4 protein chains.
Amino acid sequence: MTATSSTSPKSPARTVATKRERDPVAAKQALIAAAVAEFASKGFAGARVDEIAAAAGVNKQLVYHYFDSKQGLYLVALESVYAEIREKEQKLTLNELEPLEAMKQLVAFSFDYLAEHPEFIALLADENRSHGANLHESERLQKMHSPFIEMLEATLERGVAAGVFRPDFDAINLYISIAGISYFFFSNNHTLSAIFGKALDARGALLQRRRHVIEFAINALRPDKDVA
Amino acid sequence: MTATSSTSPKSPARTVATKRERDPVAAKQALIAAAVAEFASKGFAGARVDEIAAAAGVNKQLVYHYFDSKQGLYLVALESVYAEIREKEQKLTLNELEPLEAMKQLVAFSFDYLAEHPEFIALLADENRSHGANLHESERLQKMHSPFIEMLEATLERGVAAGVFRPDFDAINLYISIAGISYFFFSNNHTLSAIFGKALDARGALLQRRRHVIEFAINALRPDKDVA
Amino acid sequence: MTATSSTSPKSPARTVATKRERDPVAAKQALIAAAVAEFASKGFAGARVDEIAAAAGVNKQLVYHYFDSKQGLYLVALESVYAEIREKEQKLTLNELEPLEAMKQLVAFSFDYLAEHPEFIALLADENRSHGANLHESERLQKMHSPFIEMLEATLERGVAAGVFRPDFDAINLYISIAGISYFFFSNNHTLSAIFGKALDARGALLQRRRHVIEFAINALRPDKDVA
Amino acid sequence: MTATSSTSPKSPARTVATKRERDPVAAKQALIAAAVAEFASKGFAGARVDEIAAAAGVNKQLVYHYFDSKQGLYLVALESVYAEIREKEQKLTLNELEPLEAMKQLVAFSFDYLAEHPEFIALLADENRSHGANLHESERLQKMHSPFIEMLEATLERGVAAGVFRPDFDAINLYISIAGISYFFFSNNHTLSAIFGKALDARGALLQRRRHVIEFAINALRPDKDVA
DNA sequence: CATGAATGAGCATTCATTCAT
DNA sequence: GATGAATGAATGCTCATTCAT
């Protein structure tokens, strides 16, 4: 990666002293990206600082320079995956859609995001095994409130008002249920495939699951009857 | 746990107690129990053979004597937690209940089991991070077919026939959805608590979730309308 | 090996109580044979008691029962290979041959024995690395005087008297030289093969070496001149 | 040995001495020297990485840093002893001597080198027990062709041409014989001493053997007769 | 900032040996 | 005697982290 190229070792005029041969920001980003990948595939304990540095193409010392410790790097990696999903969530604009369609998009989004970000799931799993210790430590993470839950709440209310959603569900439980039907499929894809003897990571199974998830969630939300 | 059971010192007065109750089966069980706990709380890579042996109250070498390697012990630990849930599943007798009630019990069971067995979730998570590698290796695990899915299928069919369940869902997707709404709540309890700023592991939150889960699932299963 | 067969567990009359289900002598022999092989191929430190017992088809405990320790077994193994060569040496009857022919046979014997007993060389090498520690410990080994050296001495004297051997060599130095030209070829066969890029363990190389060895030794022994 | 050399503390007054002289080359050399000694006296399997590092006065991890594994260190140790003898051999200049004298020097050299380098013998022995496995692996070792054999061949040819050596011996066999009469004396010094009840490692025995070795070899090389 | 060297604590695993049955 | 269980002291090797340049 960030190779040693970058020419000009001793340029006659070192105008900008702050920016030397390497780009600190790029190095940092490379480390975080490598960390996310390594922590996701090996877990915190299984991940190796050496390999993260090597994968990022930087010296191991930089890890300690920038992040103090393996733990520190893990924290930033965690923040980075959270930041990314929050950013994606921001882009959802549902207020103009009618409740049913908006809800479908929310369900679809939570499915699609997980489908494309297995590292998010892996990091979450490790974080939960350690009782969310890092989450509690990070102030930044605390502040990254999810707009998703608010959109969901707004959409839910609109739908209830419009009579297309049943009023029994609170937003948090609904969120967990909607996320859960997608999350479990991805988080446990391998064990489920083994148990059912069916390749649930195949393209077909994925698309089929996506349809089911939306249908299942929407149906659960439907009001009891269209009482006359 | 630490096999302190083992009643009956045989002779009422044993002047010099044998240093250790020589009981291979107990030692093995103690190791497995300790392994389940350690692997669940630290993950495979984070778990320490030393600590497992210490927790089991046996010599570390016995791990290798009985299980060949840390990996071997992990495999048996995994099998043991699977065996336990399969055993519990066997005890469910739903054929005499009417479909709706049977389905409620299935949903409740999948919630209650996870509530009481956080180590099951933790081991599953680690296993999925490694792409179910151990699951694939173990023949015993392959043979531990879940009766749950069959019960679910039978119940689903009965309910569809009786007109109380919609016919659109296949059993596998339904299973994943039902399991998912419970699983995600427990597997991600800590991160969810942090995000929502709400103690989701509190007794009240648990009971409330349980009610929601059943209601959500049952509702999703309801047929489209009671068309006249 | 020494299988569990051996029938008749509870014969009505256990006349000979000393000989039970197994044959202690056979077990001991099997252990020694296995030990010779294992120690020869792995060295003392590299040899594994477990594997020796397994190869002998007996329980590991027997090693300690019969030989006290790994070291004890090694000692007996060493004695056994010495005993074997001494026994073979005993069978040489050279007094009736004329000195030259007798000497040729001595040289040939020392070559042939080594050719057929690589384990002897291997054990000697390990023993010498540890400064012959075991040799010094064993009284039995001390007593196993080699008849070879005496035969050599007698033959040498006869030849000198007959004018066919030069008188300058003492028997011990001669013995070492004769043994050395064969021993080095076998003991260092692999490194020599590597250095010379030639398979010195091939049948042809062996026969050629045998001829050379005899010729070289006999020639060295020839008196200075047939001075008139 | 323990790299205490390293003169020059540069600045005359260094208030706080650096904890350890940071000198990779010295550390490496110290490790190799310690490895040669340890492997020679204990064999590969008996040698302890801990003790090698301790003897070299460096951290154990450096073994793995520089040599990857115990095996890797062993290989380098082996290469180092080979390199040393090759270097010594290079210094022999025999072309100007007459064949007989040159041959005497060759024989004497092969005796003297072994006399002074018991570790060479010990490492060779272990290497041969493992069928020269390491020798085959090392490219560097393959390339360290011995000039000795070529000198021997040249000297032999010159002597044959001059009529002072018999023409029957090929250089390889001759090399093995010459090396063998010295090697065996040293390699098996302890067992020979035990068998003969004579301290063959004593100064006197050594000198006497040296004389014998030269005489024996030269005599073996003499042509059949000074035929008139 | 960058780099290789160095450290120390720890980790899975091995092994000769002993114990209990 | 025979067997599996058990032990404790290692043993080769790893890893996060720090140092020196």
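Here is how names work: the chains are called A, B, and so on, in the same order as the sequence lines, proteins then strands, and each is numbered from 1. Given the structure is predicted, the values throughout are model-derived calculations rather than measurements.
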Test Tyr74(C) against Glu127(C) for side chain to side chain contact (heavy atoms under 4.5 Å, CB included), laying out the working first.
CA-CA 10 Å; Tyr74(C) 179 77; Glu127(C) 183 60 12; 3.4 Å; yes

Counting only side-chain nitrogens and oxygens, does [X] get under 4.0 Å of the OP1 or OP2 atom of [N]?
X	N	value
His65(A)	dC1(E)	no
Tyr66(B)	dG4(F)	no
Arg48(D)	dA10(F)	no

If you check the Ala27(D) side chain, which of dA12(E), dA2(E), dA6(E) turns out closest?
dA6(E)

Just to be sure I understand the rule, does Ala47(B) reach a base, reach only the sugar-phosphate, or reach nothing, if contact means heavy atoms closer than 4.0 Å?
sugar-phosphate

Tell me the interatomic distance from [X], atom [atom1], to [N], atom [atom2], rounded to whole angstroms.
X	N	atom1	atom2	result
Tyr64(B)	dA5(F)	OH	P	17 Å
Phe67(B)	dA12(E)	CZ	P	16 Å
Gln61(A)	dA20(F)	CD	P	12 Å
Leu62(B)	dC19(E)	CG	P	16 Å
Lys70(D)	dT13(E)	NZ	P	18 Å
Lys60(B)	dC11(E)	NZ	C1'	8 Å

Quiz question: going by heavy-atom distance under 3.5 Å, is there a donor-acceptor pair between the base of dG8(F) and the side chain of Asn59(B)?
yes

So CG of Asn59(D) and CG of Leu31(D): to nearest 0.5 Å the spacing works out to 9.5 Å

Closest heavy-atom contact between Ala35(D) and Ala77(D)?
CB-CB, 4.2 Å

Mutual orientation of the aromatic rings belonging to Phe44(B) and Phe39(B) [parallel < 30°, tilted 30-60°, perpendicular > 60°]
parallel

